[in-house]
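Down below is the structure, laid out as structure tokens.
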Amino acid sequence: MAAPPGARQRHTTWNTLPMAEFVPVDAFDLLIFGGTGDLARRKLLPALFHRDRDEQFSADSRIIAVSRGEMDDAAYAEWVHDALKEQLTTKELEPAVWERFAVRLYHYSLDMQDDSGWAGLGDKLDDTHSRNRVFYLATSPSLFGTIAGQLAQAGLTDERSRIVLEKPVGHDFDSAREINDAVGEVFAESQIYRIDHYLGKETVQNVLALRFGNSLFEPLWARGAVDHVQITVAENLGVGQRFDFYNRTGALRDMVQNHMLQLLCMVAMEPPASMDHDDIRNEKIKVLRALKPITPEVVDRVTVRGRYTAGIVGGEPVPGYREEGDDPEVKTAEQDTETFVAIKAEIDNWRWNGTPFYLRTGKRMARKLSEIVFQFKPVPHSIFGDQPLTPNRLVLSLQPEEGVQLTLMTKEPGPGGFRMRSLPLNLNFPDAFSVTYPDAYERLLMEVLRGNPALFMRRDEIESAWRWIDRIIDSWHTRGVRTHEYMAGSWGPTDSFVLLDRDDRRWAQPE
Ligand SMILES: NC(=O)C1=CN([C@@H]2O[C@H](COP(=O)(O)OP(=O)(O)OC[C@H]3O[C@@H](n4cnc5c(N)ncnc54)[C@H](OP(=O)(O)O)[C@@H]3O)[C@@H](O)[C@H]2O)C=CC1
Ligand SMILES: O=C1O[C@H](COP(=O)(O)O)[C@@H](O)[C@H](O)[C@H]1O
């Protein structure tokens, strides 16, 4: 049926087939700037290999890596093969799939900071522009503007091409705006895909399904019923070989500015009118704009910075932050960088006024765990006398297991008396669906190749998030807020427990 005159055009390009099916994408040239880096080796190439295994790529689709290294296509294919051997099991790296994948691989040597060499890159590409052309920038963000400009000058872009920007987009609001301006001179906003790989995780998308596919939760999803929300992203790994990057960055910029704020937006936003990417992003931006600024007056009470010391993780002794990294020059430049941060965030809007969102992320914590916990309020009046009633809790688990758990009060069975027990109602996704869970990068790469930007961040989201983060960093500087030590293998510094204790609340973990 034709849309009525004046109806809004929707751009949803989600695969909504009734069954999970591997729908092929149109032919593409995917250029990975930084195609020999750590991200390409560990994430992008294994993700692409998996999608090729499921026959989603046409025979003529190509992957072209760009880096300064002198290597021909065959040498690059060999490098990729070694990388895949490291990342995948022998069973996964099926020889027939590898043969198909290997012929897609090309390498082009180029110093992106140099003006020469860009015209030659065009010779590697299909000049009929008959296939989708995607530029994936897996390099330092300081190169994003230069790369976009050089691509335009070499005549390699048109209105159909897409550009993917890896996180972080900038180091603060000003640098993010500079990058967005430079890239925006060449590409329209609809052609720019800013990655936050948390948006590619299944449970994060399941937040949409849970909230808006059920009538049960939405009426309770507000300050009237929800006491507070906790978002935890705990890692057991340390900073290891990324010391140089991390030392300049810290947990607030590395994890909160992007992943944690995106999670917060997904659970706190108002219902979007549709799954259209701009409908969703319009709601997310409202949440970011409603975040209460953290000023020097309150920063001590609502944030905690931590840094790990040596300890034991998973039964193994591990070094402290100060012992990580081996470059002496970097070591001397060491700052009081936080590897842990906890924040009491408040959203100044009708729905959430008075319901805080406690955010917590850290490296070298007791175990890897990412979850969002909705702590509901207690019943207003108990008819069960002295029996304690545990308020309901909804837990959305992202990692390591993906699922949803709702705790309910039930009556313990028995011939006499009336005893109440809190029990979980569990929906474990891997048990419920007999499919292999794709890595977040697999989904995100496919969405780029399909031209669906819903799972990517719009310019205003990035910039709003930076404004809020910059304010915290300024307040830390103004008040000289230092890091507190926590032992590797713990759940963070004591002060993070005090943060909740002050409000008479507790972190959901440790159990
Ligand atoms: N690694 C990870 O897990 C994650 C990384 N990121 C982000 O992705 C980006 C890339 O990270 P990562 O892969 O770890 O970095 P690496 O340092 O491992 O790789 C950088 C890549 O860029 C190439 N490169 C660097 N400078 C130039 C240049 N002037 N001209 C041409 N090629 C160049 C390098 O090749 P060569 O030196 O041979 O030129 C290499 O291929 C960073 O912004 C990072 O923050 C984001 C999330 C996770
Ligand atoms: O972007 C980043 O994310 C990883 C954590 O990702 P996950 O999918 O393993 O939870 C983090 O280790 C890294 O420091 C950060 O840059």
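All values below were derived from every heavy atom in this structure, side-chain atoms included, with hydrogens, water molecules and symmetry-related copies excluded. Both counts, for ligands and for their atoms, begin at 1 and track the order of listing.
- Taking a cut-off of under 4.0 Å to the non-hydrogen atoms of Gly69, the atoms of ligand 1 that pass are 38 (O).
- A tilted orientation is assigned to the rings of Tyr76 and His107, their planes being inclined by 30° to 60°.
- Between Tyr441 and His197, the two ring planes are parallel [angle under 30°; tilted spans 30° to 60°].
- For the pair Arg177 and Asp181, the salt-bridge criterion is not met [side-chain N within less than 4.0 Å of a carboxylate O].
- Listed by number with element, the atoms of ligand 1 under 4.0 angstrom from any heavy atom of Pro168 are 45 (O).
- Residue Ser370 has no nitrogen or oxygen atom sitting less than 3.5 Å from a nitrogen or oxygen atom of ligand 2, judged on distance alone.
- Between the side chains of Thr232 and Arg360, at least one donor-acceptor pair of N or O atoms lies under 3.5 Å.
- Without hydrogens or angle criteria, Arg364 side chain to Asn236 main chain gives a donor-acceptor distance under 3.5 Å.
- Among protein heavy atoms, the minimum distance from atom 10 (C) of ligand 1 is reached at Ala138 O, 3.3 Å.
- The shortest N or O to N or O distance between Leu39 and ligand 1 is below 3.5 Å.
- The atoms of ligand 1 that sit less than 4.0 Å from any heavy atom of Leu110 are 30 (N), 31 (C).
- For atom 29 (N) of ligand 1, the nearest non-hydrogen atom of the protein is Asp111 OD1, 3.0 Å.
- Counting only heavy atoms of the protein, atom 6 (O) of ligand 2 lies nearest to His197 NE2, 3.2 Å.
- For Asp114 and Arg68, the salt-bridge test fails: no basic side-chain N is under 4.0 Å from an acidic carboxylate O.
- In this structure, a donor-acceptor pair under 3.5 Å is present between the side chains of Thr339 and Tyr486.
- The single protein non-hydrogen atom nearest to atom 9 (O) of ligand 2 is Lys368 NZ, 2.9 Å, given as residue, atom name and distance.
- Residues Thr303 and Trp476 have side chains that bring a donor and an acceptor to within less than 3.5 angstrom of each other.
- Within the 4.0 Å heavy-atom cutoff, Ala65 does not count among the residues contacting ligand 1.
- Within the 4.0 Å cut-off (strictly below), no protein heavy atom is located near atom 17 (O) of ligand 1.
- A cation-pi arrangement is present between Arg62 and Tyr106, with the terminal nitrogen or guanidinium carbon under 6.0 Å from the aromatic centre and inside a 45° cone about the axis.
- Each of the atoms 43 (O) of ligand 1 lies under 4.0 Å from some heavy atom of Pro141.
- In this structure, Lys201 and His259 have side chains that are not in contact, with every pair of non-hydrogen atoms separated by 4.5 Å or more.
- Looking only at protein heavy atoms, the nearest one to atom 1 (N) of ligand 1 is Asp38 OD2, 2.7 Å.
- When only non-hydrogen protein atoms are considered, atom 19 (O) of ligand 1 lies nearest to Gly37 CA, 3.2 Å.
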Start with the C-alpha gap between Asp115 and Gln150, add the side-chain angles, then the distance that decides, and say whether side chain to side chain donor-acceptor pair (under 3.5 Å) holds. CA-CA 8 Å; Asp115 286 344; Gln150 292 286 9; 2.8 Å; yes
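- The nearest protein atom to atom 14 (O) of ligand 2, hydrogens excluded, is given as Asp254 OD2, 2.6 Å; this is a heavy-atom distance.
- Distances from atom 6 (N) of ligand 1 to the heavy atoms of Met71, Lys167, His197 show the closest one on Lys167.
- Under 4.0 Å from ligand 2, not a single heavy atom of Tyr246 appears.
- Using cut-offs of 30° and 60° on the angle between ring planes, the pair Phe33 and Trp118 is parallel.
- Remark: the Arg505 side chain and the Gln230 side chain contain no N/O donor-acceptor pair separated by less than 3.5 Å.
- The closest non-hydrogen atom to atom 9 (C) of ligand 1, taken over Asn258, Thr146, Val169, Thr139, comes from Thr139.
- Protein heavy atom at the shortest distance from atom 41 (O) of ligand 1 is Thr36 OG1, 2.7 Å.
- The shortest contact between atom 24 (N) of ligand 1 and any protein heavy atom is with Arg68 NH2, 4.2 Å.
- Closest to atom 21 (C) of ligand 1 among all protein heavy atoms lies Gly34 CA, 3.5 Å.
- Under a 4.0 Å N-O distance rule, the pair Asp460/Arg458 qualifies as a salt bridge.
- Considering Arg242, His259, Glu235 only, the shortest heavy-atom separation from atom 1 (O) of ligand 2 involves His259.
- Residue-level proximity to ligand 1 for Met112 is carried by backbone and side chain together, each with a heavy atom below 4.0 angstrom.
- The residue from Leu264, Thr203, Leu396 that alone fulfils the side chain to side chain contact (heavy atoms under 4.5 Å, CB included) condition with Ile372 is Leu396.
- Each of the following atoms of ligand 2 lies closer than 4.0 Å to a heavy atom of Lys167: 1 (O), 2 (C), 15 (C), 16 (O).
- Ser175 and Asp172 are linked by a side-chain donor-acceptor pair at a separation below 3.5 angstrom, with hydrogens and angles left out of the test.
- Within the listing of ligand 2, atoms 11 (C), 12 (O), 13 (C), 14 (O) sit less than 4.0 angstrom from a heavy atom of Lys363.
- Judged purely by distance below 3.5 Å, without hydrogens or angles, the side chains of Glu92 and Gln87 never pair a donor atom with an acceptor atom.
- For the pair Phe245 and ligand 1, the shortest N or O to N or O distance does not fall below 3.5 Å.
- By the 30° and 60° cut-offs, the orientation of the rings of Phe433 relative to Phe429 is tilted.
- Both the backbone and the side chain of Ser67 come within 4.0 Å of ligand 1, counting heavy atoms alone.
- Among protein heavy atoms, atom 10 (O) of ligand 2 sits closest to Tyr198 OH, 2.4 Å.
- Close approach of ligand 1 to Gln113 (heavy-atom distance below 4.0 Å) involves ligand atoms 29 (N).
- Nearest protein neighbour of atom 47 (C) of ligand 1, counting heavy atoms only, is Glu166 OE1, 3.8 Å.
- Within the listing of ligand 1, atoms 1 (N), 2 (C), 3 (O) sit less than 4.0 angstrom from a heavy atom of Arg42.
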